[in-house]
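What follows is a short report on a single structure.
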Amino acid sequence: MRERRATTDRRRAREFEVYAAGAAGRLLHTAALLTAEPPTATPRAQRLLVAALARTYAQWDHLHDEDPYDHTRRELALRFADEAWRVRRADRRTASGSAPEEGGLLRGLGARERLVLVLRLYEGLTEEQTASLLGLPEDRARALCARAMATLRQTAAGAPVPGEARP
C-alpha cells in the first residue's frame, strides 16, 4: 500500500513539474503585468505565482478534466484581486513622483482595471469569462476594460489622466 502511494506521489510530482516548467514563464509575465512591476524585479509577481502554483499542486488530483493552466490563472487572478482590494494599496506611484517607466503604462491603472485588462487582452478571456472569474456583472467587466483602455490611450498620448495629479 505504501509503495503504491509513493509511486502515485512521484507520478503526480513529475506531471506537475512538467506543467510548471511549461507554464511558469507565461504565468510569471501575467503576474508581472498584474502587479505592474518592472521586468527586472518582480518580487510581488513571484510571490503571487508561487502561491497560485502551490494551490494548483494541492488540487492537482482533483482537477480531472479541468485545464491546469486555467486553474492556475484563476488562482493568480483571485489572489491578486484579494491582495489589491483588501489592502487597497495606492498603486498610482506616477502621481507621487516616481518615474512612469518603472511599471510601464499599466502602473497608472487601478488594480481592478489592470486585472480586467490583463485577463481580457493578454490572457484572451472573453468578457463573460472575465466577469465570471471575478464575480462581477458582465457590464461591469466591460466598463472596467473600456475605462482602462481610455486611460492607457490618454497616458500614451501624453494627455492628463482624470484624477492624476499634475506636476
Side-chain angles (χ1 to χ4, degrees), residues 1-93 102-145 147-148 152:
M1 183 70 168
R2 245 185 267 161
E3 189 175 310
R4 182 191 299 169
R5 176 73 177 169
T7 304
T8 303
D9 288 346
R10 280 193 302 274
R11 179 192 48 81
R12 176 180 184 230
R14 269 194 314 272
E15 287 174 357
F16 184 78
E17 260 182 53
V18 169
Y19 160 71
R26 182 169 172 93
L27 288 167
L28 181 60
H29 188 71
T30 300
L33 289 172
L34 289 174
T35 59
E37 293 177 314
T40 56
T42 57
R44 269 182 71 204
Q46 289 174 1
R47 272 196 316 274
L48 281 172
L49 178 58
V50 167
L53 285 171
R55 177 73 177 178
T56 301
Y57 183 71
Q59 296 291 317
W60 192 257
D61 292 334
H62 304 289
L63 292 180
H64 302 295
D65 294 331
E66 186 180 357
D67 182 13
Y69 185 84
D70 288 342
H71 186 272
T72 308
R73 178 179 51 207
R74 182 175 51 250
E75 282 296 323
L76 191 65
L78 294 176
R79 285 180 181 280
F80 172 75
D82 182 51
E83 175 186 300
W85 296 337
R86 186 186 63 231
V87 177
R88 294 232 181 230
R89 298 174 92 169
D91 261 350
R92 295 176 184 238
R93 292 190 186 154
E102 271 185 21
L105 288 175
L106 295 182
R107 173 62 77 183
L109 299 175
R112 286 183 186 187
E113 294 170 335
R114 201 176 324 133
L115 179 57
V116 169
L117 196 70
V118 168
L119 289 174
R120 288 277 294 123
L121 301 180
Y122 183 71
E123 287 293 323
L125 297 182
T126 65
E127 288 174 351
E128 184 179 283
Q129 289 171 321
T130 302
S132 174
L133 177 68
L134 300 176
L136 298 171
E138 197 172 326
D139 293 341
R140 179 72 177 135
R142 185 179 303 118
L144 283 167
C145 189
R147 185 176 357 147
L152 287 178

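All residue numbers in this chain count up from 1 along the given sequence.
- Counting all heavy atoms, side chain and backbone alike, A45 lies closest to A32 at CB-N, 3.5 Å.
- Side-chain contact check for D61 versus T8: every heavy-atom pair is 4.5 Å or farther apart.
- Checked for salt-bridge contact, R11 and E15 meet the test: a charged N lies under 4.0 Å from a carboxylate O.
- Judged by a 6.0 Å distance limit and a 45° cone about the ring axis, R44 is not positioned over the six-membered ring of F80.
- Checking Y19 against T72 by side-chain atom types alone, a donor-acceptor pair falls below 3.5 Å.
- A pairwise comparison of heavy atoms in Q129 and L125 identifies OE1-CA, 3.4 Å as the closest pair.
- Taking CG from L117 and OG1 from T130, the interatomic distance works out to 10.0 Å, rounded to the nearest 0.5 Å.
- One distance of note links CG of L34 with NE2 of H29; it measures 10.0 Å at 0.5 Å rounding.
- In summary, D9 and R12 do not engage in a salt bridge, as defined by a charged side-chain N under 4.0 Å from a carboxylate O.
- Test T56, V118, D67, L119 against R73 for side-chain contact (heavy atoms from CB on, under 4.5 Å) and you get one pass: L119.
- Between T42 and T35 there is no side-chain heavy-atom pair separated by less than 4.5 Å.
- Atom CG in L28 sits 9.5 Å away from atom CG in L33 (nearest 0.5 Å).
- Salt-bridge annotation for R55 and E75: present, with a side-chain N of the basic residue lying under 4.0 Å from a carboxylate O of the acidic one.
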| task | Check the pair Q46, L49 against side-chain contact (heavy atoms from CB on, under 4.5 Å), reporting the backbone distance first and the verdict last. | result | CA-CA 5 Å; Q46 289 174 1; L49 178 58; 5.7 Å; no
| task | Evaluate the side-chain contact (heavy atoms from CB on, under 4.5 Å) criterion for residues R140 and R112: first the C-alpha distance (whole Å), next the side-chain angles of each, then the deciding distance (0.1 Å), finally the verdict. | result | CA-CA 11 Å; R140 179 72 177 135; R112 286 183 186 187; 3.9 Å; yes
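- L115 contributes atom CG, which lies 7.5 Å from atom CG of L133 (distance to the nearest 0.5 angstrom).
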| task | Carefully, step by step, assess L109 and L152 under the rule side-chain contact (heavy atoms from CB on, under 4.5 Å). | result | CA-CA 8 Å; L109 299 175; L152 287 178; 4.2 Å; yes
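- Not one N or O on the side chain of R79 forms a donor-acceptor pair closer than 3.5 Å with the backbone of L48.
- Between L63 and H71, the shortest heavy-atom contact is CD2-CD2, 3.5 Å.
- A donor-acceptor contact shorter than 3.5 Å is absent between the side chain of S132 and the backbone of E128.
- Taking 4.0 Å as the cut-off between side-chain N and carboxylate O, E66 and R74 count as a salt-bridged pair.
- Side-chain contact between Y122 and R26: present, with at least one pair of heavy atoms (C-beta onward) separated by less than 4.5 Å.
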